Amino acid sequence: MTPARRDGPAEAGLPRLIAERRAKARALRARGVDPFPAAFARRRTIAEARAMGEGLGPGSTAEGSVRVAGRLVAQRGQGRMAFCDLEDASGRIQLWARRDLLGDDGMDALDDWDLGDLVGAEGPLARTRRGELSVDLRSVVLLAKALRPPPDKHAGLRDPETRHRQRYLDLMADAGTREAFVARARAISAIRRFLDDRGFVEVETPTLQPIYGGAAARPFVTHHHALERDLFLRIAPELYLKRCIVGGLERVYELGKSFRNEGVSFKHNPEFTSLETYEAYADYRDVAAMLETMVSHAAEAATGSTAVSFGGQEIDLAPPWRRLDLREALREASGIDVRRHAEADGLRAAMRDGGYDAPDGTGWAKLVDGLLAQALEPSLVQPTIVLDYPIELSPFAKRRADDPGVVERFEAFAGGMEIANAFTELNDPDDQRERFAALAAEREAGDEEAPPSDADFLAALEYGMPPTGGLGVGIDRLVMLLTGRPSIREVILFPATRS
RNA sequence: GGGCCGUUAGCUCAGUCGGUAGAGCAGGGGACUUUUAAUCCCAAGGUCGCAGGUUCGAUCCCUGCACGGCCCA
């Protein structure tokens, strides 16, 4: 006859693991102990505790006590002695439990701890004979019972689906993930500091817009019931920021989310973070100089250096960045001079001759864009500013005075990706009206990405906008570069997923 | 949208040329007062992504679907 089981409920797998942990929490409550107490006073961070114990020699114990708290990440039982590793945001430290010093109650409490529990501990700092700085426990307390088991303590969490859907587990298991998001925050605050120091005013403009614009993309549509109208999630803040320039704010920026209703890829998420800046009385060359300085500041803040490693290559973001003329660069990279093929059909044929993909029914400007993406972009690993784009690709940029087919615009590339887009802003309302008309024609012809006209924006321009340099930076892509992460999903905490 | 690959225990992964599966870690019981991927002993844990098909028999072969990854558009 089999002996009665005394080792917990009969369920298997995860339900059983949860039931075992719940039983421990229940047992604590039965003894009048709250497994989720409210606070743990006088805590020091683990980094602070480590600094305090720095001078301790092996086998010695410090005066006084420290109180530390964190997540239990490893346990090594040893009978009447035990070791645990405790981790908080600042680091990791060993807890050293001895029955003669911690007492029977403390050792019993320790027995019921599981990996993943949040615990508090108190005792003098000590260094073991093996040289490991430890808290020589005098008292312990459970601060929050983990009812589910954490990811594997050594192998961690590998499954990309779980890493993205349950990012808290990825953060818990992988210090590198935590570091990437800290680096992101540092880069963003460095950018804000940089702009604030230069007299830029941070503004907030609508994310819910009656008319969207400022980029070529399909928008998300939502509905306002009280106003009985559809509203669009912005695809860019551009047209509102220029209204701020019209109003005389002169230097403005907005750092926040925009939304584009398109596919998901390693460099696209439906919601993404961008920086846009507008500076009155500046042009695109002033903006280029500001960009390279700003990005190198962000790199230093995020990583401590302007040199970053991305896709196995070292990239140095320190200014000055290389400048290329788009037409020249395309001719060098592909052998095709796009100005010599002024019609779509001729350019398409030349591209196909050169082995490039050039789909039927695509206009001249989009073919140029395609040639840029295929022939040039992948080779732009070191930071590069590509200047002077065809007007057809740039409905909000000012024409060059000496060449009306070209606008004062640049895109910045690094790591083979576009990271920024800038131009001298179009401030001639009549020219802008014509560009809107051209967009309307493209829309009519079936281009769902062509944005609609915005009469109020035109009215604003008619009140007079100073000559202005504008900039857009893809913050997520910039952070990819700074943290060496190959996918946008690795720098967005909770990326878009299906169902 | 297309192509390729993946989905097996809580986690990380093996494996089955078609006969319903293993390890390490975690969890349970036990031993251990200097461990640190602690160690040792014992026991347990699986609708092999979902749905069909072929077959005496499918986790394995086929089809579809879902989710994910990479590449292309």
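Each chain gets a letter, A, B and so on, in the order its sequence line appears, and its residues count up from 1. Not measured: the values here are computed from a predicted model.
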Worksheet item: Using a cut-off of less than 4.0 Å, is there contact between a side-chain N or O of R76(A) and OP1 or OP2 of U39(B)?
Response: no

Worksheet item: Any ion pair linking D34(A) and K145(A) (charged N to carboxylate O, less than 4.0 Å)?
Response: no

Discussion item. Atom CZ of residue position R22(A) - does it have more than 12 heavy atoms of other residues, nucleotides or ligands inside 6.0 Å?
Written reply: no

Worksheet item: Hey, are R167(A) and D170(A) close enough for a salt bridge, meaning a charged N less than 4.0 Å from a carboxylate O?
Response: yes

Discussion item. Considering every strand and a 4.0 Å limit on heavy-atom distances, what is the contact class for Q374(A): base, sugar-phosphate, or nothing?
Written reply: nothing

Practice prompt. Consider only side-chain N and O atoms of D230(A) and T222(A), and report whether a donor and an acceptor are under 3.5 Å apart.
Written response: no

Worksheet item: Considering residues at least two apart in sequence or located in another chain, which fulfil the side-chain hydrogen bond (donor to acceptor under 3.5 Å, both in side chains) criterion with R80(A)?
Response: none

Discussion item. Can you confirm if the NZ or CZ of R67(A) lies within 45° of the ring axis of F40(A) and under 6.0 Å from the centre of its six-membered ring?
Written reply: yes

Worksheet, complete the sentence: Nearest-nucleotide check on RNA chain B, D114(A) vs A155(A); residue mapping nearer the 5' end is A155(A)

Response to the item:
The single option from V338(A), D357(A), T362(A), L367(A) that satisfies side-chain contact (heavy atoms from CB on, under 4.5 Å) with M351(A) is L367(A)

Distances under 3.5 Å between nitrogen or oxygen atoms of protein and nucleotides 3-5 of chain B:
none

Worksheet entry | Candidates G45(B), G24(B), U33(B) - which lies nearest the side chain of R80(A) | U33(B)

Discussion item. Return whichever of W96(A) or R21(A) has its heavy-atom-nearest nucleotide of RNA chain B closer to the 5' end.
Written reply: R21(A)

Fill in: Below 4.0 Å: OP1/OP2 of U33(B) and any side-chain N or O of R99(A)
no

Worksheet item: Roughly how far apart, to the nearest Å, are C61(B) and G18(B) at atom P?
Response: 8 Å

Item to complete: Provide the distance between the two C1' atoms, one in C42(B) and one in U36(B), to the nearest whole Å.
Response: 25 Å

Nucleotide N/O of nucleotides 69-72 of chain B paired with protein N/O under 3.5 Å:
| residue | atom | partner | partner atom | Å |
| --- | --- | --- | --- | --- |
| G69(B) | OP1 | R489(A) | NE | 2.9 |
| C70(B) | OP2 | R489(A) | NH2 | 2.9 |

Worksheet item: Which nucleotide, A38(B), G28(B), U12(B), lies nearest any side-chain atom of R158(A)?
Response: U12(B)

Worksheet item: Which value, in whole Å, describes the distance between the P atoms of nucleotides A9(B) and G46(B)?
Response: 11 Å

Worksheet item: Within less than 4.0 Å of OP1 or OP2 of G68(B), is there a side-chain N or O belonging to R165(A)?
Response: yes

Worksheet entry | Salt bridge present between E87(A) and R178(A) (N-O < 4.0 angstrom) | yes

Worksheet item: Of all the choices, G10(B), U36(B), C67(B), which nucleotide is nearest to the side chain of P149(A) once you look at every atom?
Response: G10(B)

Worksheet item: How is D100(A) classified with respect to the nucleic acid when contacts are heavy atoms under 4.0 Å: base, sugar-phosphate, or nothing?
Response: base

Worksheet item: Taking the side chain of D152(A) as its heavy atoms from C-beta onward, which of G28(B), G24(B), A37(B) lies nearest to it?
Response: G24(B)

Worksheet item: Is the phosphate of A26(B), meaning OP1 or OP2, less than 4.0 Å from a side-chain N or O of K153(A)?
Response: yes

Discussion item. What I want to find out is whether R98(A) reaches D136(A) closely enough, with some N-O distance under 4.0 Å, to be called a salt bridge.
Written reply: yes

Worksheet entry | Nearest-Å distance once atom P is located in both G69(B) and G57(B) | 38 Å

Fill in: P atoms of C41(B) and G53(B), separation to the nearest Å
48 Å

